[in-house]
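A quick write-up on the structure given underneath.
Please read these numbers as outputs of a predicted model, since none were measured by experiment.
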Amino acid sequence: MTDDRRLSEELRALTEAGISLTSELTLEAVLQKLVDVARELVNARYAAMSVLGPDGEMRRFFFSGISQADSERIGAWPTGRGLLGVLLRENTSLRMADIGEDPRSLGFPPNHPAMRSLLGVPVVALGRVIGNLYLTEKPGGELFSERDEEIVRLLSTQAAVAVHNAELYEAESRRAEEWKALFELGRQVAASPDLQALLDSIVSRARKLLSTDVAALMLLTGDGANLYMAAHEGLQTAGMQRLRLLAEHGLQGLALETMRPAIVEDYQTDPRLRDRPAALVAQERLVSQICVPLIGKAGPVGTLTVGNRHATKFSARNAELLEAFASWGAVAIETSRLYDKLESLARLEERERIGMDLHDGVIQSIYAVGLKLEDCSERLQEPAADVKAALEKAIEDLNKVIKDIRSYIFDLRPQVSQVRDLPDALSQLTGDLRVNSLIAADLQVEGSLDGLLDEAQALGIFHIAQEALNNVSKHSKASSVRVRLACEEKHVSLEVSDNGAGFDSTGAIDVEKQGLRNMRDRARSLGAELIVESSPGQGTTVTLELPLTSGKG
């Protein structure tokens with residue numbers, strides 16, 4: 001075969017190899033194909049390629065010419081020592097007739113096939129050696145040629161491009177997963193008032209995103225002296241699951257002391273942890289860990305830790321990501337504590353308001369009735385008819401006091417957060433109104449609600465009815481009220497109508513303060529229309545019109 005013809009065939013083979021490589025979608029498939037093509041192009045019996053990770057450790061290994069069964073008998077992959085280490089360390093090609101004659105060779109493990117001739121080239125991406133590609137055993141004991149080396153170098157360049165692109169893709173995919181996890185966690189922190197659910201979500205997301213065996217979140221006690229386990233995932237021992245330790249102990253104490261991430265590759269041998277108790281860590285078989293402090297406005301509130309039961313080189317990027325989770329944890333904790341303080345303040349304010357109302361209203365009325373009864377007792381010698389009129393007036397005033405007290409009870413009932421049966425819930429509302437305010441309340445339900453409303457819609461309608469009846473009880477001076485719920489396939493309406501004093505609906509500023517604004521906001525959130533009709537002396541009618549989407553019913 002002439003040199004020109006051989007060159008033409010090699011170029012065609014390289015072109016076909018390039019096309020074949022681009023047809024593969026995964027990095028593993030591309031590199032395996034490349035190793036197979038290299039062996040065929042230079043007519044070698046065996047070919048292999050190793051790929052290093054960013055930490056310099058071998059992450060992938062591909063071979064051609066050896067069966068899977070033979071590979072399993074050989075055992076572990078090459079570790080980059082001996083001649084293969086030369087390719088990685090010195091970034092140079094090797095071409096030799098007999099591997100065994102080179103003093104740098106360390107021989108072969110048991111069950112490894114005999115190999116003599118060698119052609120090896122480093123795989124270099126952006127000036128960094130990321131692996132090697134090597135072939136052995138030319139037929140007839142031939143030496144690999146310079147042309148063979150040129151071909152393998154071209155293939156190693158394609159391999160470097162493939163690996164580099166895969167690393168870029170993996171990095172972008174990982175970054176997208178990180179942003180998505182942090183975004184979803186942020187949305188959960190903003191939406192959920194359940195602190196324990198948030199802490200559980202933080203440790204679960206951190207463990208998943210950093211691919212660790214365990215994750216644990218500990219909180220400081222009120223005096224800052226101790227840490228206790230608040231949420232965990234992956235812990236196996238009861239001691240760690242119920243862990244409580246002094247704030248200066250353990251890896252957590254180190255993170256709180258420095259107010260920085262603490263990374264350890266081996267907990268038992270790290271000199272920084274020599275005087276910090278580690279018995280429970282050993283029982284849990286934890287080796288490598290990252291711990292970061294949860295820092296609030298007033299200082300640390302706890303720690304977030306992830307770890308593995310095998311040696312792991314956690315990176316600064318891992319620590320930064322864990323710090324982001326810890327920041328959301330601190331926000332959730334401080335927000336929860338702020339809510340608790342606001343609720344306590346609201347309860348105190350409500351108690352003060354009720355106390356003032358009782359003092360200025362109910363207590364004064366009872367005191368006035370007491371004076372009237374005392375007056376009656378002093379007039380017992382007078383004609384019975386005169387005393388009877390005064391007693392009847394005292395009884396009338398007591399009935400008013402009872403009505404006021406029942407109104408307070410109705411106003412202070414627990415807030416409903418779920419409505420499974422809307423007609424039944426409305427029936428309870430009207431029943432409570434009859435008992436607590438002595439107003440004749442009637443409920444009418446027309447049509448069937450089966451499948452028409454989702455949970456949010458049913459709850460919204462209930463709260464609007466609740467607010468409307470509350471206004472009737474407190475402000476209308478009505479003797480009767482009618483609640484009507486009408487259900488059609490594409491439409492639901494609620495009507496609350498009373499015979500009370502009414503008001504000028506064109507200038508309802510005071511009524512807005514009593515709940516009308518809340519009803520309108522709820523109606524708007526449901527995509528419904530709220531209509532209020534009233535005039536002085538003519539009562540009030542509140543109507544909610546809710547159109548349903550085509551998917552309902």
Side-chain angles (χ1 to χ4, degrees), residues 174-235 240-247 250-263 289-307 314 316-347 415 417-418 456:
R174 185 166 56 251
R175 194 170 291 111
E177 289 180 3
E178 293 170 359
W179 279 110
K180 181 180 178 182
L182 290 172
F183 172 78
E184 290 177 347
L185 181 57
R187 184 168 58 184
Q188 186 179 1
V189 168
S192 174
D194 187 341
L195 178 60
Q196 187 58 55
L198 288 172
L199 299 184
D200 290 340
S201 178
I202 288 170
V203 298
S204 178
R205 293 176 186 273
R207 181 191 180 199
K208 179 180 178 182
L209 199 59
L210 275 72
S211 300
T212 57
D213 294 331
V214 302
L217 191 151
M218 302 188 73
L219 295 181
L220 283 166
T221 53
D223 58 6
N226 294 277
L227 283 161
Y228 64 92
M229 188 67 69
H232 60 84
E233 187 173 280
L235 294 177
M240 285 294 283
Q241 292 171 0
R242 299 193 301 267
L243 180 62
R244 186 181 180 94
L245 73 162
L246 293 174
L251 182 63
Q252 289 74 20
L254 180 61
L256 291 174
E257 179 182 306
T258 62
M259 293 293 283
R260 294 174 56 83
I263 304 176
Q289 299 179 61
I290 310 175
C291 181
V292 298
L294 275 67
I295 304 174
K297 287 186 177 180
V301 295
T303 61
L304 178 61
T305 307
V306 296
F314 287 117
R317 175 61 182 165
N318 296 144
E320 289 175 1
L321 186 59
L322 196 62
E323 282 186 296
F325 280 101
S327 296
W328 278 122
V331 169
I333 293 164
E334 291 203 325
T335 301
S336 176
R337 291 174 178 175
L338 179 60
Y339 277 144
D340 290 342
K341 290 181 180 179
L342 289 175
E343 286 181 0
S344 298
L345 180 60
R347 284 193 294 270
Q415 188 73 267
S417 61
Q418 189 174 32

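Inter-residue side-chain proximity for F314 and T212 is flagged as met; some heavy-atom pair is nearer than 4.5 Å. Here the side chains of L245 and M218 are in contact, with some heavy-atom distance below 4.5 Å.
Contact between W328 and I202 at its shortest, heavy atoms only, is C-CD1, 4.2 Å. Scanning both residues, G234 and V214, for their nearest heavy atoms gives O-CG1, 3.4 Å. Considering every non-hydrogen atom in both P261 and P293, the closest pair reads N-CD, 4.3 Å. Contact record, L251 with I290: CD2-C, 4.4 Å, taken as the closest heavy-atom pair. Taking each heavy atom of Q241 and L235 in turn, the nearest pair found is NE2-O, 3.0 Å.
Note that the CG atom of L294 and the CG atom of L219 stand 7.5 Å from one another [nearest 0.5 Å]. For the atom pair NZ of K208 and CZ of R205, the computed distance is 8.5 Å after rounding to the nearest 0.5 Å. A distance of 4.5 Å separates OG1 of T221 from CG of N226, quoted to the nearest 0.5 Å. Between L209 atom CG and F325 atom CZ the span is 5.0 Å, to the nearest 0.5 Å. The NE2 atom of H232 lies 11.0 Å from the CG atom of L217; values are rounded to the nearest 0.5 Å.
At distances below 3.5 Å, not a single donor-acceptor pair connects side-chain atoms of S201 with backbone N or O atoms of A197. No donor-acceptor distance shorter than 3.5 angstrom exists from the side chain of R244 to the backbone of L227, with no hydrogens or angles considered.
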List the atom pairs, donor and acceptor, that lie under 3.5 Å between side-chain atoms in residues 253-260 and the rest of the protein, sequence neighbours left out.
from: E257; atom 1: OE1; to: R276; atom 2: NH2; distance (Å): 3.0
from: T258; atom 1: OG1; to: L254; atom 2: O; distance (Å): 3.0
from: T258; atom 1: OG1; to: R260; atom 2: N; distance (Å): 3.3

Run the side-chain donor-acceptor check on residues 296-306: report pairs under 3.5 Å with partners two or more places apart or on a different chain.
from: T305; atom 1: OG1; to: Q252; atom 2: NE2; distance (Å): 3.1

